[in-house]
Amino acid sequence: MAAVGVLFFLLPVSWACAPQKADYVMVSCFPNAIIANVPECPYGWEIGQLSLGGVCYTGINTPGFYRFTIPDLTPKNHSYCGTLSEYVGGKDPRYIFYNSIVSNDSSLTVRNQPVNYTFSCTYKAAYLVNNAVFSQRVATVYVNNGSLGSFKSQLSMNVFTNSKFLYAKDAPYVIDTSEIGSEVFIGIEAKGLSNRFKVVITNCWATPTPYSTDKKRWSLIINSCSSDNTVTIFENAKDSRSMFKFNSFRFQRLEKVSTVWLHCEVQVCDGEKLFCQPTPCTSKSARLAPDPSGGILTMEFQIKGTDYF
C-alpha cells in the first residue's frame, strides 16, 4: 500500500501542460524588433520544445502565451535565430523579414500534432549598411485568429495639440526653448483592430540620443505608472488608444544637443484572452525597476532657440 501511495503522489509531476488550439498568433513588427505571441501549450507542446527558426529555444512563458522575440533587425545580425530577409526594390523599396516557431521533440515517439507558425514583417523604409532606419514611431500588428480571420493594425505614437487628443501634430515636432516646461500630449493608437485589443504602455523614457539603450535617460512612465507629478496618464490599457502628458524639459550640461528622443515600450493585449489592466500604482511604483514586456516606439523632438536640451 505504501508503494501505491508513493506512485500516486508522483504521477502529477509528469503531467504535460494543458493542450491549446494552435490557430492563433499575434505578430508585432516594431521598428527594431519583432515579437511573436502564440497560445500557451499549443497542441500540448511545452515552451522548451518550441524554437525560433528551429535554432533558438528562447521563448518566454507569459500569462496565456509563449513569446518569441527577434531583438535585432540590423543587417549585421539579420540572420538572428534563423531570420531570413528579402529586399524588394522599385519605387517603394522595402525589406521583408521571415521566421517561424516550430516544434521539436527528440524523444523516440511524437504524440503531439506538429507546430509551425510562419510569420513575416514588411518595412517600407531605407536600410543602411550598419543601421536600420525604419520609421521609429510606427509598428504593424498582425493577428491570425483561425476561422475568425486575419487582422492588421498600424500602431503609432503621435503628439497631439491638447488634452482632447483630436488633432495630431505634423512631424518634425519642435519645442522652443522659451516653452520648456509646457505640456506635451502623447497618444499611442492601434487602428484596424476590434475593441477586444488594448494598447498597453509599460515604460516611457527620454534620451539625448536616438538609442533607447542610452544610459543617460529620464524616466516618464515605469511599469505603467507615472514617474512623478509632471507626468499624467489619461488612459492606459482600456481600449485601442492610450494617452499621457508630460512637462517638457531639457537635459543639463548638454548645450550642443538640439534634439531629444522619446521612447515608449508598448504592447497590444488581447482582452478576450488576458486581463490587460496594469497592476495598480502605489507610492513605490516609480522606484521599481522597469519590467520590459513589449516593443519600443521612438519619436524625435527638435529644440529651437538659444539654449538647447
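Atom set for the values below is all heavy atoms of this structure, side chains included, hydrogens, waters and symmetry mates excluded.
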Verify, without hydrogens or angle tests, whether Ser219 (side chain) and Ile222 (backbone) share a donor-acceptor contact under 3.5 angstrom. no
Taking Lys198 for its side chain and Asn195 for its backbone only, find out whether a donor-acceptor pair lies under 3.5 Å. yes
Could you please spell out the steps behind the side chain to side chain contact (heavy atoms under 4.5 Å, CB included) verdict for Val115 and Leu50? CA-CA 8 Å; Val115 165; Leu50 299 178; 4.2 Å; yes
Rounded to the nearest 0.5 Å, how far does [atom2] of [Y] lie from [atom1] of [X]?
X      : Y      : atom1 : atom2 : answer
Glu40  : Glu46  : CD    : CD    : 10.0 Å
Arg241 : Ile201 : CZ    : CD1   : 11.0 Å
Thr209 : Lys215 : OG1   : NZ    : 12.5 Å
Cys264 : Trp205 : SG    : CH2   : 7.5 Å
Phe197 : Ser153 : CZ    : OG    : 9.0 Å
Tyr43  : Gln20  : OH    : CD    : 11.5 Å

Do [X] and [Y] have side chains that get closer than 4.5 Å, going by heavy atoms?
X      : Y      : result
Cys121 : Tyr95  : no
Tyr57  : Cys81  : no
Leu220 : Phe249 : yes
Lys164 : Phe185 : no
Thr298 : Leu262 : no
Ile34  : Phe97  : yes
Gln136 : Pro31  : yes

Kindly give the heavy-atom pair with the smallest separation between [X] and [Y], and that separation in Å.
X      : Y      : result
Tyr173 : Lys169 : CE2-O, 3.4 Å
Ser242 : Ala237 : OG-N, 3.3 Å
Pro63  : Leu274 : O-CD2, 2.8 Å
His263 : Thr207 : NE2-OG1, 2.8 Å
Tyr142 : Ser120 : CE1-O, 4.3 Å
Pro208 : Phe251 : N-CE1, 3.8 Å

Report the residues that fulfil salt bridge (Lys or Arg N to Asp or Glu O under 4.0 Å) with Glu272, sequence neighbours left out, ordered by chain and then residue number. Arg196
By side-chain contact (heavy atoms from CB on, under 4.5 Å), which residues pair with Pro71, not counting sequence neighbours? Thr69, Tyr80
Hits for side-chain contact (heavy atoms from CB on, under 4.5 Å) against Ser224, two or more places apart or cross-chain, chain-then-number order -> Val200, Thr202, Asn236, Pro278
May I ask you to decide whether Lys21 forms a salt bridge with Asp23, counting only side-chain N to carboxylate O separations under 4.0 Å? yes
Under 3.5 Å, is there a donor on one side chain and an acceptor on the other for [X] and [Y]?
X      : Y      : value
Asp270 : Tyr24  : yes
Asn116 : Thr118 : yes
Ser51  : Asn104 : no

Honestly curious: do [X] and [Y] fall in one hydrophobic cluster under the side-chain, below-4.5 Å linking rule?
X      : Y      : value
Met243 : Leu297 : no
Trp261 : Phe30  : no
Trp218 : Val184 : yes
Leu52  : Tyr66  : yes
Ile188 : Val159 : yes

Which residue, Val141, Ile35, Asn37, forms the side chain to side chain contact (heavy atoms under 4.5 Å, CB included) with Val268? Val141
Apply the side chain to side chain contact (heavy atoms under 4.5 Å, CB included) test between Cys204 and each candidate in Ile221, Ile186, Ile233, Ile296; give the one that qualifies. Ile221
Can you name the residues that form a ring-ring contact (aromatic ring centres under 6.0 Å, His included) with Phe234, not counting sequence neighbours? Phe165
Audit row: Glu86, Tyr98, side-chain hydrogen bond (donor to acceptor under 3.5 Å, both in side chains) steps and yes/no: CA-CA 8 Å; Glu86 175 187 359; Tyr98 304 89; 2.8 Å; yes
In chain order, what residues pass the side chain to side chain donor-acceptor pair (under 3.5 Å) check against Asn158, with sequence neighbours excluded? Arg137, Ser156
Stepwise side chain to side chain contact (heavy atoms under 4.5 Å, CB included) test for Ile303 and Thr259: CA-CA 6 Å; Ile303 311 305; Thr259 57; 5.9 Å; no
What do the steps show when you test Leu155 against Val138 for side chain to side chain contact (heavy atoms under 4.5 Å, CB included), and what is the final call? CA-CA 6 Å; Leu155 182 66; Val138 176; over 6 Å; no
Stepwise, does the side chain to side chain contact (heavy atoms under 4.5 Å, CB included) test hold for Ile96 with Tyr87? CA-CA 7 Å; Ile96 306 175; Tyr87 175 74; over 6 Å; no
Quick one: name the residues clustered hydrophobically with Leu166, using the 4.5 Å side-chain heavy-atom rule over I, L, V, M, F, W, Y, and just say none if it's on its own. Tyr167
